[in-house]
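First the structure, in the form of structure tokens, and then the observations on it.
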Amino acid sequence: MSFTPLHRALGLPPSILTDEILNAAVAAGAVETDDLDWKSELPPIKNLSQTDVPKDIAAMANSGGGMIVYGVKENQKVATGRADTGEFSEGHERAYRSVAVTAIVPPVFGIEIHRLGINTRAVAVSVPASVDGPHLIYKNDYFGAPIRNDADTAWMKERQIEAMYRARFNERLRATDALDGLYRESVEEHDTSGRAWLIAAAHPRIPVLARPDRGVVRKVFERAREITLTYSNRSGIHPVENIDYLNPRPGLRRWTAVNAATGSQRWQEACASVHHDGSVSLAFALGGHRKSADGYFDGWQVEGRGIEGAVADFMALIRATADVFHTDEYEVRVGVEWVGNEPLSILTVDGSNLTYDGASTPLRRFTPVTSTITATGSNDYFHRQVHDLAEDCVNQGGITYLHMISAPPEADD
């Protein structure tokens with residue numbers, strides 16, 4: 001569900017955007033505003049970057065987000081009727097999304113495209129709010145920062161550009177502080193002197209104001225269990241299968257799925273939280289896992305597949321949360337915390353799938369891996385982000401190859 005300018009114009013609660021909603025907005029004579037722009041025709045697919053599309057998207061992003069609707073006639077900014085846009089092909093959509101990324105600096109990620117109508121077709125493009133402004137567009141040797149001025153598009157003055165850059169830098173500091181606090185809190189909740197723990201935290205670039213109920217969060221955990229298996233196998237342990245995901249418990253502005261691995265399975269202890277602001281955290285006991293034969297590894301011995309499984313599940317939880325909370329970009333941090341005397345050792349497997357430590361580089365300290373993750377977008381693009389994050393983690397221990405997370409498709413140039 002989403003809350004769009006069309007919902008606001010009609011006084012509707014959040015819901016799936018439908019053709020009926022668009023018809024009602026047109027019948028009500030909805031007026032263009034700073035976050036709603038009517039267009040009667042689709043832009044041509046040829047030389048799309050040379051049309052007004054980059055300017056329109058950048059202006060919306062610089063103004064807090066909004067919606068561009070193709071297929072609506074207007075007079076003096078007031079909707080007067082529908083106009084059939086014709087087919088909006090997959091190629092047209094790819095070109096449109098490409099313009100948002102390649103013709104605007106910095107790129108505008110996370111636009112949503114809705115195809116509406118059957119006989120009289122329309123296309124609604126939702127442009128998300130951005131904290132990376134000002135978004136600039138270039139024409140030959142010149143550039144400018146467009147912004148919405150009520151129903152019109154204007155160009156920012158130098159002072160406006162300066163203020164937006166300042167806001168961007170301040171947001172980065174705030175996001176870093178929030179991620180630091182979330183990560184540190186999770187570290188302090190676990191004893192890292194007896195065995196190593198993987199700690200992962202993610203904070204949305206644009207936090208949300210939500211208070212989801214238990215049922216909603218249960219669905220997030222259930223969805224994460226499905227997503228992680230789309231790019232990882234079962235050759236290692238998945239932490240999300242060791243938490244009480246069906247009965248998340250309330251906490252301070254969060255819901256937590258507590259550990260469900262008890263008794264003889266305690267060695268694979270895990271817990272995960274979904275926060276009211278869209279943040280996500282996961283903790284997983286990595287050291288001291290059971291060997292394939294009798295006995296257990298030492299607390300400082302960490303299986304590379306354990307890291308992979310935790311990263312795969314953590315990223316799946318981010319994607320599932322983003323789907324529900326309508327968040328997009330996340331600042332993430334993944335670390336392996338261990339304060340014992342022995343150096344960390346990351347174990348891999350040999351050609352017979354047996355645990356092998358000959359390739360490991362002893363680590364006195366694991367450097368937490370930080371990254372900015374785009375939680376929306378294509379499955380292939382998200383798969384590449386999962387793979388890269390896991391690879392950064394295991395590479396620190398001298399491990400080259402991943403064994404749980406499959407190789408992602410090549411990027412489409």
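Along the sequence shown, residues are numbered consecutively beginning with 1. Keep in mind the model is a prediction, meaning the values are calculated, not measured. Side-chain atoms are counted along with the backbone in the values below, which use heavy atoms only and exclude waters and symmetry mates.
Interatomic distance, Asn233 CG to Thr228 OG1, rounded to the nearest 0.5 Å: 9.5 Å. In this structure, CZ on Arg195 lies 11.0 Å from CH2 on Trp338, to the nearest 0.5 angstrom.
Lys219 and Glu222 are not joined by a salt bridge, as no carboxylate oxygen comes within less than 4.0 angstrom of a charged side-chain nitrogen.
Residue pairs meeting the salt bridge (charged side-chain N to carboxylate O under 4.0 Å, His left out) criterion with at least one member in residues 363-373: none, sequence neighbours excluded. Applying the salt bridge (charged side-chain N to carboxylate O under 4.0 Å, His left out) test to residues at least two apart or on different chains, the pairs with a partner in residues 226-236 are Arg223-Glu226, Arg234-Glu241. Listed by first then second residue, pairs satisfying ring-ring contact (aromatic ring centres under 6.0 Å, His included) with a partner in residues 167-202 read His190-Trp197, not counting sequence neighbours. For residues 245-260, the side-chain hydrogen bond (donor to acceptor under 3.5 Å, both in side chains) pairs, not counting sequence neighbours, are Glu185-Arg254, Thr256-Ser273. Screening residues 32-54 for ring-ring contact (aromatic ring centres under 6.0 Å, His included), with sequence neighbours left out, gives no hits. Under the side-chain hydrogen bond (donor to acceptor under 3.5 Å, both in side chains) criterion, the residue pairs touching residues 142-154 are Lys77-Asp152, with sequence neighbours excluded.
When only modelled atom types and interatomic distance are considered, Asp277 and Ser279 share a side-chain donor-acceptor pair under 3.5 Å. In this structure, a donor-acceptor pair under 3.5 Å is absent between the side chains of Ser235 and His403.
Using a 30° and 60° split on the angle between ring planes, Tyr96 and Tyr70 fall in the perpendicular class, above 60°. Ring geometry for His289 versus Phe284: interplanar angle over 60°, hence perpendicular rather than tilted (30 to 60°).
A 4.5 Å side-chain heavy-atom check between Arg172 and Asp132 finds at least one atom pair inside the cut-off. Residues Val108 and Ser130 form no side-chain contact, since every pair of their non-hydrogen atoms from C-beta on lies 4.5 Å or further apart. Two residues are said to be in side-chain contact when any heavy atoms from C-beta on lie closer than 4.5 Å; Pro409 and His383 meet this criterion. Between Arg218 and Leu246 there is a side-chain heavy-atom pair separated by less than 4.5 Å.
A ring-centre distance under 6.0 Å is not found for His275 and Phe325.
The only member of His114, Arg82, Arg121, Arg115 that meets side-chain hydrogen bond (donor to acceptor under 3.5 Å, both in side chains) when paired with Asp19 is Arg82.
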